[in-house]
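Following: one structure in structure tokens, then a few remarks.
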Amino acid sequence: MTSGLEGIKVVETRISEVDGAHGRLIVRGYPIEELTGAIPFERMVALLWEAEPHLGEGRVRAWEQLQGLLQALPPLPVCATVRLGLSALQGDRDTIVGAVAVLVAAACRRGRPLIAPDASRSHAADLLRMMHGETAAAEALDAYLVTVAEHGMNASTFAARIIASTGAGLAGASVGALAALEGPLHGGAPGPVLDMLDAIGDPSRAAAWIEQALRDGHRLMGFGHRIYRVRDPRADVLRAALGRLKQNQPSARLALADAVEAAALEALARHKPGRPLQTNVEFATALLLEALAIPRDAFTGIFACARVAGWIAHAQEQAASGRLMRPDAEYVGPRTAPAGRP
Ligand code: ACO
């Protein structure tokens, strides 16, 4: 028995397949390479939900419910703001997806006046506008949202399905899923990827820094994956989106990132020869979101803006099955009472 449930298929799903051996992600039959950059987030949500979303109206409804709370809140970490707001929210799935965007953007305003949503804009453009007051580079954010909206039975989606199986609502499933997403082994990695790049500072220092980090027993953020044994396909589509954003202009940051990635892959292959550890989606995510001037402590919140659509698709699929998820545990403790009072 493994404590990480690896290799155990816990549900049947029609939503997506993550093929770790071949590095493929299929969403409702489409490879991710055919979706990123080709469709907007709204179409991705329609694919996931098999129904047309109304995200603009959802953002406005969420704003109407939450703006009083947001104005009264002390400054909190971005994901804490989202959890708090979702816990107070009442509404349908469009309102929940809208609320995550409204809450992330509001948390990023940090004392500056909040910006109300505009239902006529795309989700990506309005999210940027509510954060920064402008919508520049919305295509790149749209590509990111499409890329990470759905990814099989990852930890946060599993959490959402467990909560939905109890009959709890979609907002509760999303709050629980977000708490799972926040951990550094899941959606909390991209901020630390940038911290690592900053600490290394120059391509010439990459190999020595990485070597020391591995010798000290640290995990390199942005590398490794439970399912992928080859390169995460999302890393490539996001690097392509980043290339389009930067118009393929050389930059010192990208040169540093390339040197760090090469040094990390070389060192991981040497340190963990039995374990193929490749670049995961979070490495490219960090570079793309940084290029969009999104603060690094909001990266996990931006991830949630996309993944909430996948959580909801899975929560609904689970709820439709009508079956409570209640696995068993192998008890390995004592079967006779130890001496003395309990
Ligand atoms: N850096 C250094 N060593 C690593 C890394 C890494 N990034 N990833 C795995 N390893 C090592 C482990 O320490 C372990 O070594 P050991 O056998 O000597 O103890 C071996 O490789 C196997 O590791 P596992 O923990 O079994 O790998 P698992 O598949 O469970 O972990 C995980 C996957 C959690 C993503 C891991 O690779 C990791 O911690 N990566 C860094 C954090 C990160 O980038 N997270 C984002 C993941 S993508 C996402 O969730 C959206």
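Since this is a predicted model, take the numbers as computed values, not measurements. We're numbering straight along the sequence, starting at 1. In listed order, ligands and their atoms are each counted from 1.
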Kindly determine whether H218 and Q212 satisfy side-chain hydrogen bond (donor to acceptor under 3.5 Å, both in side chains), including the steps that lead there. CA-CA 9 Å; H218 296 306; Q212 194 57 50; over 6 Å; no
Decide side-chain hydrogen bond (donor to acceptor under 3.5 Å, both in side chains) for E150 and S16; before the verdict, give the C-alpha distance in whole Å, the side-chain angles of both, and the deciding distance to 0.1 Å. CA-CA 7 Å; E150 163 59 19; S16 72; 2.5 Å; yes
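The backbone N or O of I200 sits less than 3.5 Å from a side-chain atom of R205, completing a donor-acceptor pair. Side chain of D126 to main chain of P117: no donor-acceptor pair is present (N/O by atom type, distance under 3.5 Å, no hydrogens or angles). Using modelled atom types, no side-chain atom of R231 and backbone atom of T279 make a donor-acceptor pair closer than 3.5 Å. Looking only at distances, no side-chain donor or acceptor of T157 sits under 3.5 Å from a matching main-chain atom of M153. With D142 contributing its side chain and F41 its backbone, the two residues share a donor-acceptor pair below 3.5 Å. With hydrogens and angles ignored, the 3.5 Å screen pairs a side-chain donor or acceptor of H132 with a backbone N or O of L292. At least one donor-acceptor pair closer than 3.5 Å links the side chain of N154 to the backbone N or O of G152. Between the side chain of R129 and the backbone N or O of G133, no donor-acceptor pair lies under 3.5 Å.
Within the 4.0 Å heavy-atom shell around ligand 1 one does not find N154. At least one heavy atom of P184 sits closer than 4.0 Å to an atom of ligand 1. Put simply, part of L268 is less than 4.0 Å from ligand 1, judged by heavy atoms. Using a 4.0 Å heavy-atom cutoff, F303 is listed among the residues neighbouring ligand 1.
Checked against a 3.5 angstrom limit, the closest N/O atoms of N280 and ligand 1 fall inside it. In terms of polar-atom proximity, H186 is counted as a contact of ligand 1, with an N or O under 3.5 Å from an N or O of the ligand. Below 3.5 Å of separation, one finds an N or O of G222 facing an N or O of ligand 1. By the 3.5 Å distance cut-off applied to N or O atoms, V281 is not counted among the residues near ligand 1.
Residues T285 and T147 have side chains not in contact (no heavy-atom distance under 4.5 Å, counting atoms from C-beta outward).
The protein heavy atom nearest to atom 6 (C) of ligand 1 is L220 N, 3.5 Å. Shortest contact from atom 41 (C) of ligand 1 to any protein heavy atom: F223 O, 3.4 Å. From the protein, the heavy atom lying nearest to atom 35 (C) of ligand 1 is G224 O, 3.7 Å. Distance from atom 27 (O) of ligand 1 to its nearest protein heavy atom, with residue and atom name: R275 NH2, 3.1 Å. Looking from atom 45 (N) of ligand 1 to the surrounding protein, the closest heavy atom is L185 O, 3.4 Å. Here the protein heavy atom with the shortest distance to atom 10 (N) of ligand 1 is L277 CD1, 3.6 Å.
Among K272, M221, R234, R229, the residue whose heavy atom sits closest to atom 42 (C) of ligand 1 is M221. Here atom 34 (C) of ligand 1 lies nearest to R219 when heavy atoms of R219, H151, Q278, R226 are compared.
The aromatic rings of Y228 and H151 lie tilted to each other, with the angle between the two planes from 30° to 60°. Using the six-membered ring where Trp is involved, F303 and Y144 have ring planes that are perpendicular, over 60° apart on the 30 and 60° scheme.
Near L214, meaning under 4.0 Å from one of its heavy atoms, ligand 1 places the atoms 2 (C). Interface of A189 with ligand 1, defined as ligand atoms under 4.0 Å from a residue heavy atom, comprises 43 (C), 44 (O), 45 (N), 46 (C). Taking every non-hydrogen atom of H225 and a distance limit under 4.0 Å, the qualifying atoms of ligand 1 come out as 29 (O), 33 (C), 37 (O), 48 (S).
Protein heavy atoms are absent from the 4.0 Å sphere centred on atom 19 (O) of ligand 1. Per-atom contact check: atom 16 (P) of ligand 1 touches the protein, criterion being a heavy-atom distance below 4.0 Å.
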